Amino acid sequence: MPELPEVETVVRTLNGLIVGKTIRDVQVRLPRIIQKPDDPPLFAAMLQGRTFERVERRGKFIRMLLDGITLVSHLRMEGRYGLYRTGEPEELHTHVVFRFEDDTELRYKDVRQFGTMHLFVRGEEFEQPPLHKLGMEPLDELVFTYRAFRDLMAKRSTRVKPLLLNQEIIVGLGNIYVDEALHRAGIHPEREADSLKPSELKRLHESIVRVLRDAVDAGGSSVKSYVNGQGEMGYFQYSLRVYGRKGEPCQACGASIVKTVVAGRGTHFCPRCQKDKSRR
DNA sequence: TAATGCACCTGTGGGC
DNA sequence: TGCCCACAGGTGCATT
């Protein structure tokens, strides 16, 4: 499940793989992936002859900048990119193929078919869905300050976990890193955001930054199917303290990690380190 | 306006 | 062994 660290790793890998390559043609096998333009042949035609200049990240979205246009790609649950030689056998669930002039090709594979691609005139992507309403970048020190974080949390009565998952507030956090950040901060996932004390908000702010930075340094977490653009796994899954560790002892206190459902999401926490002090 | 619930989709694993 | 079904979760949309 690609969250910010996994997407950042894919972006870094793609920069080394496709920058400078010119597209000969594009094959769309699963039209559903192409959201904009709502016309896969036009999508292919717009990309033909263009050269990849660089690859960037905005939240969990990948921005591929070509001459004059931007391809915005979201991996959702299990999307992945890989560079192959033209003619190499194609794996199952390959939905979009970008063939280059040097007889290599970038393949987009997605078992669950949830991923999306949008094409924009360069610069216009920030004014339209899906990028137009995205929140703060948590690894941007100038943007994600404690003060900005505190002000956003203080006026929300909703539970802290779904709030942190809301990409209009903070981008890049998904189910894994929200559980990890809340555990490191010692905060129960069902606490109302506006009930958090300044000391708790401070810890949570620091935990979000720390867990994301550590995960980026580790190349992301390979939970289930995630690999980077070169088919390599990340290794932050070995540093996860609660996610996927139901029944195991908490590394901090030894209590058994609990799994429950919060806002429809599987949620892992330590009942001793993360006491529920909500008003409910 | 904000919060909540559900659909999308397929592979996996548990239960029978 | 094989079948069935719940579950996994990011996002967008509908509903409350």
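Note on naming: letters A, B, ... go to the chains in the order of the sequence lines (proteins, then strands), and numbering restarts at 1 for each one. Remember, predicted model here, so these are calculated numbers, not experimental data. Just so it is clear, the values below take in all heavy atoms, side chains as well, and ignore hydrogens, waters and symmetry mates.
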Within the sub-3.5 Å range, which N or O atoms of nucleotides 11-15 of chain C have a protein N or O partner, and how far apart are they?
residue	atom	partner	partner atom	Å
C:dT11	OP1	A:H74	NE2	2.6
C:dT11	OP2	A:K60	NZ	3.2
C:dT11	O4	A:R265	NH2	2.9

**Request:** Not counting sequence neighbours, which residues clear side-chain contact (heavy atoms from CB on, under 4.5 Å) with A:E248? List them please.
**Result:** A:R245

**Fill in**
Between CG of A:L92 and P of B:dT12 the distance, given in whole Å, is 11 Å

**Fill in**
Among B:dT10, B:dC9, C:dG10, the one nearest any side-chain atom of A:R32 is B:dC9

**Message:** Filter on salt bridge (Lys or Arg N to Asp or Glu O under 4.0 Å), then keep only pairs touching residues 205-214 of chain A, sequence neighbours left out; what's left?
**Reply:** A:E141-A:R213

**Message:** If I take atom CD in residue A:Q35 and atom C1' in nucleotide B:dC8, what distance separates them, rounded to the nearest angstrom?
**Reply:** 11 Å

**With sequence neighbours excluded, residues passing side chain to side chain donor-acceptor pair (under 3.5 Å) with A:T70** = A:E125

**Message:** Can you measure A:K259 atom NZ to B:dG13 atom C1' for me and round it to whole angstrom units?
**Reply:** 12 Å

Output a table of donor-acceptor pairs, distance under 3.5 Å, between side-chain atoms of residues 169-179 of chain A and any protein atom two or more places apart or on a different chain; print 'none' if there are none.
residue	atom	partner	partner atom	Å
A:N175	OD1	A:K161	NZ	2.6
A:N175	ND2	A:G266	O	2.8
A:Y177	OH	A:E6	OE2	2.6
A:Y177	OH	A:S221	OG	2.7
A:D179	OD1	A:K161	NZ	2.8
A:D179	OD2	A:H268	N	2.8
A:D179	OD2	A:H268	ND1	3.3

**Item:** Angle between terminal axes - the helix from B:dA2-C:dT16 to B:dC16-C:dG2, 5 pairs each end, rounded to 10°
**Value:** 50°

**Fill in**
note: A:Y177, atom OH; C:dG10, atom P; distance rounded to Å ~ 11 Å

**Message:** Students often get this wrong, so: under 4.0 angstrom with heavy atoms, is A:G264 touching a base, only sugar-phosphate, or nothing?
**Reply:** nothing

**Item:** Inter- and intrachain pairs under salt bridge (Lys or Arg N to Asp or Glu O under 4.0 Å), touching residues 7-22 of chain A, at least two apart
**Value:** A:E8-A:R12, A:E8-A:R57, A:K21-A:D102

**Request:** List, by chain and then residue number, the residues other than A:I257 in its hydrophobic cluster (Ile/Leu/Val/Met/Phe/Trp/Tyr, side-chain heavy atoms under 4.5 Å); write none if there are no others.
**Result:** A:V242

**Asked** A:M77 CE to B:dC9 C1': how many Å, rounded?
**Response** 10 Å

**Asked** salt bridge (Lys or Arg N to Asp or Glu O under 4.0 Å): which pairs involve residues 22-34 of chain A, sequence neighbours left out?
**Response** A:R24-A:D103, A:D25-A:R99, A:R29-A:E90

**Request:** Mind calculating the distance between CD (A:E91) and P (B:dG11) to the nearest angstrom?
**Result:** 14 Å

**Whole-Å distance separating the CG atom of A:L30 from the P atom of B:dC8** = 15 Å

**Message:** Rounded to whole Å, how long is the line connecting atom CD of A:E6 with atom C1' of C:dG10?
**Reply:** 13 Å

**Message:** Looking at B:dC9, I'd like to know if its phosphate oxygens (OP1 or OP2) sit under 4.0 Å from a side-chain N or O belonging to A:H93.
**Reply:** no

**Message:** I need the minimum non-hydrogen distance between A:S195 and A:E192, along with the two atoms involved.
**Reply:** OG-O, 2.7 Å

**Prompt:** With no hydrogens and no angle check, is any side-chain donor or acceptor of A:T267 less than 3.5 Å from a backbone partner on A:R265?
**Reply:** yes

Where do N or O atoms of nucleotides 1-4 of chain B meet protein N or O atoms at under 3.5 Å, pair by pair?
residue	atom	partner	partner atom	Å
B:dA3	OP2	A:R156	NH1	3.2
B:dT4	OP2	A:T158	OG1	3.2

**Message:** Could you work out, with salt bridge (charged side-chain N to carboxylate O under 4.0 Å, His left out) as the rule, every residue matching A:E91, not counting sequence neighbours?
**Reply:** A:K109

**Complete:** Applying ring-ring contact (aromatic ring centres under 6.0 Å, His included) to A:F120 and not counting sequence neighbours gives none

